[in-house]
Amino acid sequence: MSDSTIIGREIRLVSRPVGEPGPENFEVVEVAVPQPARGQILVRNTWMSVDPYMRGRMDDVESYMPPFQLGVVMDGSAVGEVVASGVAEIPVGATVSHFQGWREYVVLNAAEAIVVDTTIARPQDYLGALGTTGLTAYLAVTEIAPVRQGDTVFVSAAAGAVGSVAGQLARKFGAARVIGSAGGPQKGRKLVEDFGFDAAVDYRAGSLTEQLATVAPEGIDVYVDNVGGDHLEAALDAMRVHGRVALVGMISGYNATEPVPGPGNIYVAATKRLTLRGVLVSDHLHRFGEYIGDAAGWLADGTLHTEETVVEGIERAPEAFLGVLRGANTGKMLVRLAS
Ligand SMILES: NC(=O)c1ccc[n+]([C@@H]2O[C@H](COP(=O)([O-])OP(=O)(O)OC[C@H]3O[C@@H](n4cnc5c(N)ncnc54)[C@H](OP(=O)(O)O)[C@@H]3O)[C@@H](O)[C@H]2O)c1
């Protein structure tokens, strides 16, 4: 196959933030895109995901994911269309999901791409409700902090990608009362009117402990923690005996420049005999088949409502990422790279 003249743009990390990241940490670079060799496909990315965990990868610290390297294209979940193929099983025109986002084009080995079924859901759903955020929500309320019939469930960052799905699935699996927290009255209204929560608390509007005592006077059985910090502390106060907490994420501390202290009331985990359990979705990717089968049905029959906030163009991907850290999104934050 001959060299191509396709030019694609990609986003590189050029400096590491201290505290809140900014546009100066990124640069957009044009690169020549090669043709795929035998066993490879050329993908034109149509959608990419920006996710809170990427903040940790901007620091030069080893964690469950390697840090982004300076001067190198970033990566993350994306979907795209195959525009040239050296793989018989993946024809031109197929839609694939993969982990080489933050760029407009990518050459992948066949094993790095998963062909997704666009007859049961839209391509971008595989980055949201049918992607890792949806699977995380499902794991949280079924396995990590299983919801039981009649439970009261509290979800933080509830208007976001994981939270909006977690609240609805909690209801589906038997919760009698579902409460969400979000920043601002508009998101709170949306939780109740569009995502079917029973009540919302606005963490910017005053004490979470007092607000939870009002909306859940009998206490909560399950807490899906996407935020940590003040939310975890308030939830611990509100937990009922034998309650369960899914430790999903702690976004309130991701830009912290000093170690974040744990909740001052952690001892109630003993006195109330609570279970606090962490989850990393990457341990559970084998559950995708089963989950997508069910969740595509819920999307189709309307019992799982999803929303997305779309930012247009690769050059605005940093803006979308900075936005998700600040709450600029409702539902899943996505970047559309091409239609
Ligand atoms: N364990 C896993 O495998 C796994 C997988 C996926 C995601 N996660 C975690 O799950 C959480 C949600 O991720 P997501 O992808 O669904 O993002 P998301 O909820 O769609 O977006 C993040 C949201 O966090 C809220 N937020 C930001 N700073 C906050 C603060 N200081 N206090 C309270 N809320 C704050 C913002 O909403 P408001 O406008 O309401 O502030 C923002 O919209 C994150 O902690 C993420 O790291 C974990």
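Both ligands and their constituent atoms are indexed starting at 1 by order of listing.
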Atoms of ligand 1, numbered as shown, that sit under 4.0 Å from any heavy atom of [X]:
X	result
N226	10 (O), 11 (C), 44 (C), 45 (O)
L325	27 (C), 28 (N)
A161	16 (O), 18 (P), 19 (O), 20 (O)
K187	37 (O), 38 (P), 39 (O), 43 (O)
M250	45 (O)
A182	40 (O)
T133	15 (O)
G160	18 (P), 19 (O), 20 (O)

May I ask you to identify the nearest protein heavy atom to [atom], giving residue, atom name and distance to one decimal place in Å?
atom	result
atom 7 (C) of ligand 1	V162 CG2, 3.7 Å
atom 47 (O) of ligand 1	Y254 OH, 2.7 Å
atom 43 (O) of ligand 1	N329 OD1, 2.6 Å
atom 24 (O) of ligand 1	I251 CD1, 3.6 Å
atom 5 (C) of ligand 1	T136 OG1, 3.3 Å
atom 48 (C) of ligand 1	V248 O, 3.1 Å

Exercise. Does any donor atom in the side chain of E104 or N45 lie under 3.5 Å from an acceptor atom in the other side chain?
Worked result: no
Quick one: which of [options] has a heavy atom closest to [atom]?
atom	options	result
atom 36 (C) of ligand 1	A158, G249, G327, S156	G327
atom 15 (O) of ligand 1	G228, P52, S49	P52
atom 1 (N) of ligand 1	T330, D225, V279, V324	V279

Below 3.5 angstrom, do we get any N/O pair linking [X] and ligand 1?
X	result
D51	no
A328	no
G183	yes
Y203	yes
V281	yes
S252	no
G163	no

For this session: Kindly indicate, with the supporting measurements, whether the criterion side chain to side chain contact (heavy atoms under 4.5 Å, CB included) is fulfilled by V115 and E89.
Result: CA-CA 9 Å; V115 176; E89 300 75 30; over 6 Å; no
Seminar exercise, completed: Here the pair of heavy atoms bringing L13 nearest to N25 is CD1-O, 3.3 Å
Problem set entry | Nearest heavy atoms of D221 and R240, plus distance in Å |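 Scanning both residues completely, I find the closest heavy atoms to be OD1-CD, 3.4 Å.
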Is there a donor-acceptor pair closer than 3.5 Å between any side-chain N or O of [X] and the backbone N or O of [Y]?
X	Y	result
K187	S181	no
R16	M58	yes
K172	L304	no
S97	V79	no
E233	G264	yes

Measuring from non-hydrogen atoms of [X] to any atom of ligand 1, is the shortest distance under 4.0 Å?
X	value
M333	no
V227	yes
G331	yes

salt_bridge([X], [Y]) N-O dist < 4.0 Å:
X	Y	result
E312	R336	yes
R148	D151	no
K332	D51	yes
R177	E218	no

For this session: Describe, in one word, how the ring planes of F154 and H231 are oriented to each other, choosing from parallel (under 30°), tilted (30 to 60°) and perpendicular (over 60°).
Result: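 Taking H231 first and then F154, their aromatic rings lie parallel (interplane angle under 30°).
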Exercise. Does CG belonging to L280 count more than 12 external heavy atoms closer than 6.0 Å?
Worked result: yes
Problem set entry | Reported CZ-to-CG distance for the pair R171 and L169, which is rounded to 0.5 angstrom |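 One finds 12.0 Å between CZ of R171 and CG of L169.
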